[in-house]
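Here the structure comes first, spelled out in structure tokens, and everything after it is commentary.
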Amino acid sequence: MRILIAALAGGLFGAGLMLSGMTDTEKVRGFLDVFGAWDPTLMFVMAGAIAPMAIAWWWAATGTPLLGGRFPDRAAPEISRSLVLGSALFGIGWGLAGLCPGPALAALGFGGPGVWIFGIAMAVGMWIAPHLRGRLDAPA
Amino acid sequence: MQTDWIWGLVGGGLIGLAGAVFLLANGRIMGASGLIGGLIDGSGRANALERLAFLAGLIGVPLGIVVLSGWRPDPHVTSNIAALIAGGLAVGIGTRIANGCTSGHGVCGISRLSLRGIVATLVFIASGIASVAVFRHLLGVI
């Protein structure tokens, strides 16, 4: 059942990304292009996604998940060096290619070879990252 | 286009619904970079099947929509191979170091009023704006 729900959630996520226009790198870069032809679509996507998710968190404040286990704990509110530097690096790549991990996978099936090149580079980056993270947060 | 924001809201709603289902049923946070990265670096071995099923849906359903409806939205991916490789590396390393991306920190974090999620989202939007300004307007490579 957990596997089925995971596939359903992944499918809804993919359909949502596609319908919202977020698999279009020009719409994503358009949102980031405040000095050019700014495209606000991404803001509406975030608003549309955050609303049901906020209700889900409110629901999850008590009780346990339907299929057992526990709801994820809140991370300590620590603004670490890795959080800030990692997010800054992510943003650079996001602006450059117009893709982030979700839309890159959603477009893998129909987006052509460029999406695959990005996806393979992203996978390599994800494989390297754990080795870098340890160094970043090590006490200086 | 004038209707883009409506599709943005509708598609965004589906994204939020996906995250809500994943959280309330499976007790999991829907973060794309974490779900993929855990399979790549081995940290997610314990629930690998759940991760694989999510990714199968994420890749398979958009492909199914294209095959069945014949509607194929053009992703307008740049033809600059170096930009794609550098961008992919930066996204892969950055999201894993920061422990999240647009879905994990952006959608799931902000909706929980998580300080880390809010800070991460502000930082990657700011650096994304700087990135487009430099690579598009200054250097003209994208």
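Within every chain, numbering begins at 1; the chains are lettered A, B, ... in the order of the sequence lines, protein sequences first and strands thereafter. Predicted, not measured: the structure shown is a model, and the values here were computed from it.
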*Nearest heavy-atom pair of B:Arg96 and A:Ala129: which atoms, and what distance?*
CB-CB, 3.4 Å

*Identify the heavy atoms of B:His76 and A:Thr25 that sit nearest to each other, and give their distance.*
O-OG1, 2.6 Å

*So, for B:Phe54 and B:Phe22, is the gap between ring centers shorter than 6.0 Å?*
yes

Please look at [X] and chain A and tell me whether the side chain, the backbone, both or neither of the residue comes under 4.5 angstrom of a heavy atom of that chain.
X        : answer
B:Ile142 : side chain
B:Leu55  : side chain
B:Ala120 : both
B:Val61  : side chain
B:Asn26  : both
B:Ser103 : side chain
B:Val119 : side chain
B:Arg116 : both
B:Ala56  : neither

Using a cut-off of under 4.5 Å for heavy-atom pairs, which of [options] has the most such pairs with chain A?
options                              : value
B:Ser33, B:Ala126, B:Pro62           : B:Pro62
B:Val10, B:Thr78, B:Ile29            : B:Ile29
B:Gly87, B:Gly100, B:Ala20, B:Gly109 : B:Gly87
B:Asp41, B:Ile97, B:Leu63            : B:Ile97
B:Leu89, B:Val21, B:Ile110           : B:Leu89
B:Ala83, B:Ala32, B:Ala18            : B:Ala18

Region of [X] that comes under 4.5 Å of a non-hydrogen atom in chain B:
X        : answer
A:Met46  : side chain
A:Arg70  : backbone
A:Ala104 : neither
A:Leu42  : neither

*asked:* For the residue pair B:His137 / A:Asp33, report whether a side-chain donor-acceptor contact shorter than 3.5 Å exists.
replied: yes

*Let me see the working for B:Val134 and B:Leu139 under side chain to side chain contact (heavy atoms under 4.5 Å, CB included), right down to the final yes or no.*
CA-CA 6 Å; B:Val134 169; B:Leu139 303 175; 3.9 Å; yes

Looking only at heavy atoms and a cut-off of under 4.5 Å, which of [options] has the most pairs with chain B?
options                               : answer
A:Pro52, A:Ala107, A:Pro130, A:Ala51  : A:Pro52
A:Val124, A:Ile120, A:Ile117          : A:Ile117
A:Ile79, A:Ile128, A:Leu108, A:Leu85  : A:Ile79
A:Gly69, A:Ala61, A:Pro65             : A:Pro65
A:Ala121, A:Ala54, A:Gly109, A:Ala123 : A:Ala121
A:Ala97, A:Gly112, A:Gly95            : A:Gly95

_Tell me whether A:Ile3 shares a hydrophobic cluster with B:Leu24, the cluster being built from Ile, Leu, Val, Met, Phe, Trp, Tyr side chains joined at under 4.5 Å._
no

Using a 4.5 Å cut-off on heavy atoms from C-beta on, say whether the side chain of [Y] contacts that of [X].
X        : Y        : result
B:Cys101 : B:Phe124 : no
A:Phe31  : A:Thr41  : no
B:Pro73  : A:Asp24  : no

*asked:* Can you confirm whether A:Trp57 is buried at CH2, in the sense that more than 12 heavy atoms of other residues, nucleotides or ligands lie under 6.0 Å from that atom?
replied: yes

*Should we count CH2 of A:Trp38 as having more than 12 external heavy atoms under 6.0 Å?*
yes

*asked:* Rounded to the nearest 0.5 Å, what separates atom CZ in A:Arg29 from atom OG in B:Ser131?
replied: 9.5 Å

*asked:* To the closest 0.5 Å, what do you measure between CG (B:Asn99) and OG (A:Ser87)?
replied: 9.5 Å

*Applying salt bridge (charged side-chain N to carboxylate O under 4.0 Å, His left out), name anything that partners B:Arg45, two or more places apart in sequence or on another chain.*
none

*Return yes if some donor-acceptor pair links the side-chain N/O of B:Arg72 with the main-chain N/O of A:Phe110 below 3.5 Å, else return no.*
yes

